[in-house]
Amino acid sequence: MFPSTMNTRKILSTFFVLAILLVLGGKATSQVVVIDIKEEVDLGMVSYVERAVAEAESKNATIVLHVNTFGGRVDAAVQIRDAILNAKVPMTIAFIDKRAISAGALISLSAKKIIMSPASS
């Protein structure tokens with residue numbers, strides 16, 4: 001029997017938190033800003049990521065990219081990659097939840113650490 005959607009989300013959320021703690025060496029961080037890279041990567045996503053990066057910089061927060069995408073526009077992905085690479089934050093982590101294809105892979109590679117859920121690509 002398969003677990004319900006609610007249980008699956010709870011399990012993934014727990015895995016997500018534990019994986020971040022593992023990557024950070026068990027050190028507590030004051031704040032985390034999660035940036036969703038889901039569905040198609042487009043120019044609208046660039047503005048969203050730039051605003052989130054500015055927020056993370058103002059809070060000196062760790063950035064976690066929650067990635068689950070088949071990709072999209074490469075020009076948008078390059079702008080997002082540059083925003084992540086140039087972010088003045090203590091840590092950037094990409095959590096690949098199922099897939100980071102094409103533009104999603106480029107964005108994920110901009111993070112200092114990458115964590116992948118089981119069976120992700």
Side-chain angles (χ1 to χ4, degrees):
M1 189 162 226
F2 295 104
S4 70
T5 304
M6 185 59 93
N7 286 339
T8 303
R9 287 183 186 160
K10 192 172 186 178
I11 290 167
L12 282 175
S13 296
T14 302
F15 172 79
F16 183 61
V17 170
L18 291 174
I20 290 172
L21 290 174
L22 183 66
V23 167
L24 295 175
K27 297 177 185 173
T29 59
S30 59
Q31 295 195 33
V32 174
V33 172
V34 177
I35 302 174
D36 287 320
I37 307 295
K38 297 182 179 178
E39 300 181 17
E40 187 173 343
V41 175
D42 59 17
L43 292 174
M45 189 179 284
V46 175
S47 299
Y48 159 68
V49 170
E50 288 174 343
R51 284 191 309 273
V53 167
E55 176 189 350
E57 287 177 335
S58 72
K59 296 177 178 180
N60 197 35
T62 294
I63 291 175
V64 175
L65 303 169
H66 186 183
V67 183
N68 184 11
T69 181
F70 284 108
R73 293 184 58 149
V74 176
D75 58 341
V78 169
Q79 291 178 54
I80 292 168
R81 178 206 61 192
D82 291 346
I84 300 301
L85 285 173
N86 295 324
K88 293 171 180 57
V89 296
M91 175 64 72
T92 54
I93 301 167
F95 171 63
I96 301 172
D97 182 12
K98 295 183 186 157
R99 62 191 60 88
I101 310 297
S102 186
L106 177 63
I107 293 167
S108 298
L109 289 169
S110 67
K112 293 177 185 170
K113 302 280 184 180
I114 298 175
I115 301 168
M116 299 176 72
S117 66
S120 63
S121 58

Check your understanding: What pairs with Arg81 under side chain to side chain contact (heavy atoms under 4.5 Å, CB included), at least two apart in sequence or on another chain?
Key -> Val78, Leu85, Leu106, Ser110
Review point. Got a sec, which residues hit side-chain hydrogen bond (donor to acceptor under 3.5 Å, both in side chains) with Glu57, two or more places apart in sequence or on another chain?
Key: none
Point to revise | Asp97 backbone acceptor or donor facing Ser120 side chain under 3.5 Å | key: no
Practice item. Verify, without hydrogens or angle tests, whether Thr69 (side chain) and Glu39 (backbone) share a donor-acceptor contact under 3.5 angstrom. Key: yes
Exercise for review: Nearest 0.5 Å please: distance from the CD atom of Gln79 over to the CD1 atom of Ile107.
Suggested key: 10.5 Å
Point to revise | Side chain proximity check, Ile101 to Ser121, heavy atoms < 4.5 angstrom | key: yes
Point to revise | Heavy-atom pair with the smallest gap, counting every atom of Ala83 and Val53 | key: O-CG1, 4.0 Å
Review point. Can you list the residues that meet the side chain to side chain contact (heavy atoms under 4.5 Å, CB included) rule with Asp42, with sequence neighbours excluded?
Key: Met45
Study note, to complete from the structure: Closest non-hydrogen contact found for Lys112 with Pro90 is NZ-O, 3.8 Å
Revision key, fill the gap. All heavy atoms of Phe95 vs all of Val64, minimum pair found to be CB-CG1, 4.4 Å
Exercise for review: Compare every heavy atom of Ser108 with every heavy atom of Ala100, then report the nearest pair and how far apart it is.
Suggested key: CB-OG, 3.7 Å
**Study point:** Separation between CD1 of Ile63 and CD1 of Ile93, rounded to the nearest 0.5 Å
**Key:** 10.5 Å
Practice item. Grab the two heavy atoms, one from Leu65 and one from Ala111, that are nearest each other, plus how far apart they are. Key: CD1-CB, 4.4 Å
Point to revise | From Thr92 atom OG1 to Lys113 atom NZ, the distance as rounded to the nearest 0.5 Å | key: 10.0 Å
Practice item. Could you pull out the closest heavy-atom pair between Ser102 and Gly71, with the gap in Å? Key: CB-CA, 4.3 Å
**Study point:** Hphob cluster co-occupancy, Val46 + Tyr48, side-chain heavy atoms under 4.5 angstrom
**Key:** yes
Review point. Between atom CD1 of Ile96 and atom CG of Asn68, what is the distance when rounded to the nearest 0.5 Å?
Key: 10.0 Å
